[in-house]
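Every chain is numbered from 1, with letters handed out A, B, ... down the list of sequences.
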There are 2 protein chains.
Amino acid sequence: MGEPTEPGPDAAAGRGRAALIEDGVEFDGRDAALLRAVDAAGSVAGAAAALGRSRARALSRIEALEDAYGTLVERRRGGEGGGGSRLAASGRNLLDRYDRLQAVLAATAAVPETVLDGTVTAVDGELAAVDTAVGELSGLHGGSGGGEADDPGVDRERVAVGDAVQVRIGADAVTVNDAASAVDPDATSARNRLDGRVSAIDSGETVSTVRIAVRAGDGGDADVEVAALITAESVERLGLAPGDPVSIRWKATATRLVAHAE
Amino acid sequence: MGEPTEPGPDAAAGRGRAALIEDGVEFDGRDAALLRAVDAAGSVAGAAAALGRSRARALSRIEALEDAYGTLVERRRGGEGGGGSRLAASGRNLLDRYDRLQAVLAATAAVPETVLDGTVTAVDGELAAVDTAVGELSGLHGGSGGGEADDPGVDRERVAVGDAVQVRIGADAVTVNDAASAVDPDATSARNRLDGRVSAIDSGETVSTVRIAVRAGDGGDADVEVAALITAESVERLGLAPGDPVSIRWKATATRLVAHAE
DNA sequence: CGCCGTTGTATCGACATAGATACAACGGTG
DNA sequence: CACCGTTGTATCTATGTCGATACAACGGCG
């Protein structure tokens with residue numbers, strides 16, 4: 001218990017693919033490309049040609065999507081140019097939704113995460129407290145809406161006291177504060193707080209990954225490293241350098257608990 | 001430009017499905033269920049039977065996965081009980097990775113987000129500044145790794161000055177501070193900061209969604225509402241009530257820019 | 001040595017999905 | 001009224017995936 005999993009750039013590595021689901025119909029990148037092509041070509045026929053796909057199939061695919069998502073494409077036959085199709089407003093919204101989902105997925109692949117093993121000590125609604133090597137942390141469990149249609153196995157929505165879980169802390173959610181000028185803990189909504197020392201700074205073009213070594217309070221374990229994504233400007237402004245004592249802070253609502261396999 | 005998109009609980013709604021991708025091979029919920037069943041049954045044959053799937057197919061699927069992800073299942077034939085299979089450590093890691101991805105996806109579906117339309121005013125590496133109705137915000141663009149295998153259309157990785165984009169702010173990344181005790185801006189790495197007034201509080205069991213109305217500086221537009229996920233305890237501690245002036249703050253690295261579809 | 005249940009491997013058919021093709025319907029335009 | 005390119009609709013075929021089935025190889029155990 002409380003064994004820290006090595007954080008690292010590859011902890012969240014792995015590209016992914018995401019799809020929206022409504023009424024059992026998946027909207028994936030292929031569908032997004034189709035809608036975009038319709039928008040660009042002004043007709044389903046032109047879109048199918050541009051994508052090298054069958055026109056009849058493209059049309060029936062759009063109809064299948066519309067059965068689940070509502071009107072996506074306004075089609076008109078006959079008339080000027082023989083007719084044509086335009087993206088409906090709701091179709092554009094769906095594309096935006098997909099793009100944002102894609103952006104989130106790309107971010108989780110690109111953003112380092114810190115993963116700590118721990119055991120649940122208390123559950124209060126959507127929130128749970130977890131005992132880890134660096135002390136007690138609190139985070140959200142279950143997406144309360146992320147039910148899996150194709151994962152009828154164990155329900156991994158809820159956790160219970162005593163469960164072994166992984167605590168996932170996205171590096172983009174961790175705020176680094178100067179240890180000296182401690183912020184009044186009552187003036188902010190950020191709840192999880194740890195003190196540590198900067199152990200390494202990975203400088204990117206404009207964004208740096210700062211690794212903070214936190215003393216493992218439990219037993220004589222090695223230090224746990226927590227990653228934080230910080231703009232290079234902030235690194236400069238805070239004058240961060242390896243060895244500096246800092247205080248890190250992140251919101252419980254940005255912390256996810258995942259039921260650990262085993 | 002600067003038109004605020006209505007934030008709301010359904011802004012990020014929509015269930016999703018995610019899959020890891022390596023070497024063009026997708027690892028999805030079905031594969032995760034298979035690996036979990038192998039772990040539980042101790043044999044591929046037993047797992048296939050438990051899932052009602054073909055044993056031969058299950059085995060060949062595992063082989064296909066192992067071609068891309070490395071050894072996942074340690075298989076042994078002959079011997080006690082005729083042989084059997086165990087999940088390899090790397091297989092367990094892959095399952096954990098998938099579960100975390102799934103948790104992130106479920107979270108994005110459950111967590112409200114605020115979406116603002118804007119135009120890019122400056123690009124500096126992975127970071128970009130965007131002009132919106134509530135002033136200039138900075139955020140990350142592109143996942144630099146979220147390339148889509150099935151989306152060969154426009155490259156939506158990079159943005160350029162002048163591009164219309166959507167700024168996505170996850171409610172779980174927004175920190176609420178008491179307006180009175182302003183935090184020293186130089187002591188923290190959080191970069192985006194806005195002042196506003198609490199307009200509504202959606203109290204959940206232990207987590208509340210606080211909506212903060214921010215005056216649209218640009219023109220006479222209506223106020224923009226930004227959502228923040230806060231633990232109920234923090235709401236209590238800060239003594240938040242509708243009408244209260246607050247200061248909100250979130251990290252540029254937790255802000256995503258999405259190229260807007262026209 | 002034979003039994004047993006498993007891992008390997010190969011083959012066949014069912015099924016779903018996609019492309020290919022053909023043709024009717026539509027409604028501005030010349 | 002004929003022309004045109006599009007939307008609808010139907011049908012056939014190719015392809016890939018999955019289940020079903022069959023059989024050889026393996027190795028501990030009685």
**Q.** Intermediate values then yes/no, side chain to side chain contact (heavy atoms under 4.5 Å, CB included), A/Val115 and B/Arg100
**A.** CA-CA 10 Å; A/Val115 180; B/Arg100 286 198 295 274; 3.6 Å; yes

Q. Is there a side-chain polar atom (N or O) of B/Ser85 under 4.0 Å from OP1 or OP2 of C/dT6?
A. no

**Q.** Nearest-Å distance for atom pair CD1/P, residues B/Ile62 and D/dC18
**A.** 13 Å

Q | B/Arg97 bridged to B/Glu22 by N-O distance under 4.0 Å | A | yes

Q) Does anything in residues 67-80 of chain A reach DNA chain D, meaning a heavy atom under 4.0 Å, and if so which residues? A) A/Arg75, A/Arg76, A/Arg77, A/Gly78

**Q.** Residue whose nearest DNA chain D nucleotide is more 5′ - A/Glu63 or A/Gly82
**A.** A/Gly82

Q | Contacts of type side-chain contact (heavy atoms from CB on, under 4.5 Å), residue B/Ala45, not counting sequence neighbours | A | B/Ser43, B/Arg55

Q: Summarise protein proximity over nucleotides 10-22 of chain C in one line of letters, 5' to 3': B for base, S for sugar-phosphate only, - for none, counting protein heavy atoms closer than 4.0 Å.
A: B-------BBBBB

Q. Taking only residues two or more places apart in sequence, or in another chain, which ones meet B/Arg53 in a salt bridge (charged side-chain N to carboxylate O under 4.0 Å, His left out)?
A. none

**Q.** Salt bridge flag under 4.0 Å for residues A/Arg168 and B/Asp96
**A.** no

Q. Out of curiosity, A/Lys251 NZ to B/Leu229 CG, how far, rounded to the nearest 0.5 Å?
A. 6.0 Å

Q.
Angle between the end axes of the helix from C/dC1-D/dG30 to C/dG30-D/dC1, five pairs per end, to the nearest 10 degrees?
A. 10°

Q.
Closer than 4.0 angstrom, basic N to acidic O: yes or no for B/Asp99 and B/Arg36?
A. yes

Q) Can A/Arg75 and A/Glu63 be counted as an ion pair, charged N to O under 4.0 angstrom? A) yes

Q | Interatomic distance where CG belongs to A/Leu59 and C1' belongs to D/dT7 [whole Å] | A | 7 Å

Q.
For A/Arg92, is there an ion pair with A/Asp39 - N to carboxylate O distance below 4.0 angstrom?
A. yes

Q | B/Arg77: partners by salt bridge (charged side-chain N to carboxylate O under 4.0 Å, His left out), with sequence neighbours left out | A | none

